There are 2 protein chains.
Amino acid sequence: MEPSAKDHILSSWQDTLHSHGFRVTRPRQQVMEIITSSTTALTPQEIYHKSLEGERFPGIASVYRTLELLDKLGLIQQIHQPGGCHGIWPTVEGHNHCLICRNCGQMKIIEGNEDITGYIARIENQTGYRVDDHWLQFFGTCSGCLD
Amino acid sequence: MEPSAKDHILSSWQDTLHSHGFRVTRPRQQVMEIITSSTTALTPQEIYHKSLEGERFPGIASVYRTLELLDKLGLIQQIHQPGGCHGIWPTVEGHNHCLICRNCGQMKIIEGNEDITGYIARIENQTGYRVDDHWLQFFGTCSGCLD
DNA sequence: TCCTTATTGATAATAATTATCATTATCAGT
DNA sequence: ACTGATAATGATAATTATTATCAATAAGGA
Ligand SMILES: [Zn+2]
Ligand SMILES: [Zn+2]
Ligand SMILES: [Zn+2]
Ligand SMILES: [Zn+2]
């Protein structure tokens with residue numbers, strides 16, 4: 001069985017930890033494993049509760065500490081939704097947009113290649129703002145939930 | 001002096017409260033006044049602390065209760081940002097996007113007339129999702145902060 | 001003005017996050 | 001593989017944000 005995308009992210013994250021002088025500990029591995037194997041953006045509490053399913057699990061403080069570290073290293077990002085805003089998801093290289101199923105929470109990352117530069121230029125002219133970033137996210141129903 | 005846009009929103013909100021059988025009380029008026037006169041999206045706590053500047057002010061519980069009511073009536077919405085997600089802002093009629101200054105927090109609402117329907121169709125084909133809504137928000141620097 | 005009752009304020013309870021510190025375990029150096 | 005320095009953990013206390021409770025108050029119709 002070839003290594004999955006998840007395994008690739010996991011080992012890349014461990015390399016990043018090591019190369020920054022951070023230790024790869026069991027609690028950190030557990031949290032990273034949960035994040036990378038999820039199909040939905042999980043909250044810190046959800047990550048903690050998932051970890052309880054194992055026979056050994058990290059303390060809640062270590063979950064938060066790991067998330068803080070992964071965030072500082074730019075490995076994760078927060079996903080915002082109308083119903084809740086602490087969803088954790090691996091950072092994807094380059095500009096992108098996310099697509100979330102309202103029903104089951106399943107997430108997809110859309111590699112961003114849309115052209116809204118014209119729209120942005122118009123907004124800058126209208127408002128006098130200089131725009132340097134944007135969030136574009138889509139909400140809907142995934143194919144599984146459509147059936 | 002002609003009535004400002006803020007006064008117009010305020011009296012419209014009071015009408016909405018009355019027409020739904022809710023009383024227009026002093027605490028509610030204070031919270032509504034703070035929200036409608038702000039140039040930035042305020043958190044519940046910020047709204048409460050601003051209210052303390054007056055000689056009489058609502059209890060923190062009434063601030064939350066008022067926000068809950070305004071939200072239920074669709075009069076306010078939450079503004080999400082990388083740094084924090086409980087910003088309260090008056091709802092604007094129709095589809096729109098928001099533009100936030102990273103430096104001072106000043107907000108502008110852009111009446112949404114962008115054309116991303118082609119992009120959405122492409123995403124639906126790629127992913128099998130049905131997309132029914134989206135968030136598009138811009139971050140940058142306002143003209144005041146550019147000087 | 002009076003009366004009904006929706007709403008408030010004070011505060012307790014709950015929930016989420018952060019701080020503290022003695023103990024544990026990673027991993028570089030042998 | 002063993003050892004030691006110390007980064008990191010777990011348990012728990014502290015802090016912060018939000019919600020629930022309930023007797024007292026005040027909005028607004030009669
Ligand atoms: Zn958010
Ligand atoms: Zn779904
Ligand atoms: Zn500004
Ligand atoms: Zn739009």
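These numbers were taken from a predicted model, which means no experiment stands behind them. Just so it is clear: chains get the letters A, B, ... in the order the sequence lines come, proteins before strands, and each one is counted from 1.
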Length of the line joining B:Phe57:CZ and C:dT8:P, which is rounded to integer Å: 15 Å

Can you tell me the distance, in whole Å, between the CD atom of A:Glu46 and the C1' atom of C:dA15? 15 Å

Checking A:Tyr119 now: which residues fulfil ring pair (Phe, Tyr, Trp, His ring centres under 6.0 Å) with it, not counting sequence neighbours? B:His97, B:Phe138

Would you confirm whether B:Glu124, through its side chain, and B:Ala121, through its main-chain N or O, come within 3.5 Å as a donor-acceptor pair? no

B:Leu17 CG to C:dT8 P: how many Å, rounded? 10 Å

How long is the line joining CG of A:Asp71 and C1' of C:dT18, in whole Å? 15 Å

Can you sort out the partners of B:Glu33 under salt bridge (charged side-chain N to carboxylate O under 4.0 Å, His left out), two or more places apart, ordered by chain and number? B:Lys6

Is a side-chain N or O of B:Ser143 found less than 3.5 angstrom from the main chain of A:Gly128, in a donor-acceptor match? no

Per the under-4.0 Å heavy-atom filter, residues of residues 59-69 of chain A near DNA chain C come out as A:Ala61, A:Tyr64, A:Arg65

Return the polar atom pairs (N/O with N/O) between nucleotides 24-28 of chain C and the protein under 3.5 Å, or none.
| from | atom 1 | to | atom 2 | distance (Å) |
| --- | --- | --- | --- | --- |
| C:dT26 | O2 | A:Arg23 | NE | 3.3 |
| C:dT26 | O2 | A:Arg23 | NH1 | 2.7 |
| C:dT26 | O2 | A:Arg23 | NH2 | 3.1 |
| C:dC27 | OP1 | A:His18 | NE2 | 3.0 |
| C:dC27 | OP1 | A:Val24 | N | 2.7 |

Got a sec: does the CZ of A:Arg122 have more than 12 other heavy atoms crowding it under 6.0 Å? yes

For atom CG of B:Leu52 and atom C1' of C:dG9, their distance in whole Å: 14 Å

Integer-rounded Å distance: D:dA17 C1' and B:Gln78 CD: 13 Å

Ignoring hydrogens and angles, tell me if any N or O in the side chain of B:Arg28 forms a donor-acceptor pair with the backbone of B:Arg23 under 3.5 Å. yes

Residues forming a salt bridge (charged side-chain N to carboxylate O under 4.0 Å, His left out) with B:Asp132, sequence neighbours excluded: A:Arg102

Atom pair distance, as rounded to whole Å: CD in B:Gln45 and P in D:dT15: 16 Å

Okay, side chain of A:Ser38, backbone of A:Ile34: is any donor-acceptor separation there less than 3.5 Å? no

ring-ring contact (aromatic ring centres under 6.0 Å, His included) partners of residues 42-83 of chain A, not counting sequence neighbours, each pair once: A:His80-A:Trp135, A:His80-B:His80

A:Lys72 atom NZ is separated from D:dA7 atom C1', nearest whole Å, by 12 Å

Base, sugar-phosphate or nothing for A:Tyr48? Non-hydrogen atoms, less than 4.0 Å. nothing

